[in-house]
Amino acid sequence: MEFVKCSIARTAYGRGITDVERAMAKRKGSPIAVEMINGHDQTEDVVDMRPHIKGFNFKDEGIMNGNWVNERNSERIQKFLQLLAICHTVIPEVDEETGKVSYEAESPDEAAFVVAAKELGFEFYRRTQTAVSLYELDPVSRKKVDRYKCFIFYLLDLVLVPI
């Protein structure tokens with residue numbers, strides 16, 4: 001699976017291309033028409049593309065590179081990206097020498113969601129039995145911060161009183 005597009009708060013984001021479209025264009029040596037943006041044709045030159053990230057073919061200046069903080073629904077975008085980063089069963093593996101994080105996932109879908117969150121600024125890097133940790137862009141300071149999301153659930157004693 002590839003993360004190409006998403007819809008957040010009734011707004012569609014993303015205009016990436018699939019691996020099949022990329023391979024066909026590369027074979028033909030032609031640029032790829034991505035989409036009409038602001039009334040102008042945008043093309044992507046296959047030769048000058050940034051390195052391909054497996055499972056991530058998303059392009060949208062509105063939320064990439066931390067620009068989501070300027071969007072009308074920035075709080076909802078932040079929550080959406082946090083959910084992509086933490087709601088899964090993926091296991092992170094951190095290279096001690098380089099600090100780079102790679103992921104072991106049960107499915108390509110889960111891997112694509114976690115990689116998308118990472119590429120959009122919400123990097124999941126540790127899981128314990130009760131919590132997950134991630135680095136994310138703080139919308140106020142615009143700096144990368146370490147967030148610890150705790151998932152300890154307390155069982156409530158319920159007292160049933162007959163009426």
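All of these numbers come straight from a predicted model, not from anything done at the bench. Numbers for residues simply follow the sequence, beginning at 1.
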Hey, does [Y] have a side-chain heavy atom less than 4.5 Å from the side chain of [X]?
{"X": "Val145", "Y": "Glu136", "answer": "yes"}
{"X": "Gln78", "Y": "Glu71", "answer": "no"}
{"X": "Arg126", "Y": "Leu134", "answer": "no"}
{"X": "Thr89", "Y": "Glu106", "answer": "yes"}
{"X": "Leu84", "Y": "Phe124", "answer": "no"}
{"X": "Ile63", "Y": "Phe58", "answer": "yes"}
{"X": "Cys6", "Y": "Phe80", "answer": "yes"}
{"X": "Lys100", "Y": "Glu93", "answer": "no"}

So, for [X] and [Y], which heavy atoms are closest and what is the spacing to 0.1 Å?
{"X": "Val115", "Y": "Ile53", "answer": "CG1-CG2, 3.7 Å"}
{"X": "Asp146", "Y": "Ser133", "answer": "OD1-CB, 4.4 Å"}
{"X": "Val69", "Y": "Ser74", "answer": "O-CB, 3.7 Å"}
{"X": "Val94", "Y": "Gly99", "answer": "CG1-O, 4.0 Å"}
{"X": "Gly66", "Y": "Leu137", "answer": "CA-CD2, 3.5 Å"}

>> Let's go through Glu104 and Val90 carefully: what are the C-alpha distance in whole Å and the side-chain angles of both, what is the deciding distance for side-chain contact (heavy atoms from CB on, under 4.5 Å) to 0.1 Å, and is it a yes or a no?
In response: CA-CA 6 Å; Glu104 289 294 323; Val90 173; 5.9 Å; no
> Does the separation of the ring centres of Trp68 and Phe122 fall below 6.0 angstrom?
Replying inline: yes
>> Please determine whether a side-chain nitrogen of the Lys or Arg among Asp60 and Lys5 lies less than 4.0 Å from a carboxylate oxygen of the Asp or Glu.
In response: no
> Within a radius of less than 6.0 Å around CZ of Arg142, do more than 12 heavy atoms belonging to other residues, nucleotides or ligands occur?
Replying inline: yes
Just verifying a value: how many Å separate [X] [atom1] and [Y] [atom2], rounded to the nearest 0.5 Å?
{"X": "His88", "Y": "Leu83", "atom1": "NE2", "atom2": "CG", "answer": "10.0 Å"}
{"X": "Ile77", "Y": "Arg72", "atom1": "CD1", "atom2": "CZ", "answer": "9.0 Å"}
{"X": "Phe113", "Y": "Met1", "atom1": "CZ", "atom2": "CE", "answer": "3.5 Å"}
{"X": "Leu81", "Y": "Glu123", "atom1": "CG", "atom2": "CD", "answer": "13.5 Å"}
{"X": "Thr11", "Y": "Arg76", "atom1": "OG1", "atom2": "CZ", "answer": "9.5 Å"}

> Under 3.5 Å, side chain of Asn67 to main-chain N/O of Glu61, donor-acceptor pair present?
Replying inline: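 Yes; at least one donor-acceptor contact below 3.5 Å.
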> side-chain contact (heavy atoms from CB on, under 4.5 Å) between Arg147 and Asp138: does it pass, once the steps are laid out?
Replying inline: CA-CA 10 Å; Arg147 297 271 199 236; Asp138 180 66; 3.2 Å; yes
> Is it the case that Glu110 and Tyr103 place a side-chain donor and acceptor less than 3.5 Å from each other?
Replying inline: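 Checked: Glu110/Tyr103 side chains show no N/O donor-acceptor pair below 3.5 Å.
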>> Test of understanding: clusters of I, L, V, M, F, W, Y form through side-chain heavy atoms closer than 4.5 Å, transitively. Do Val4 and Met64 belong to the same one?
In response: no
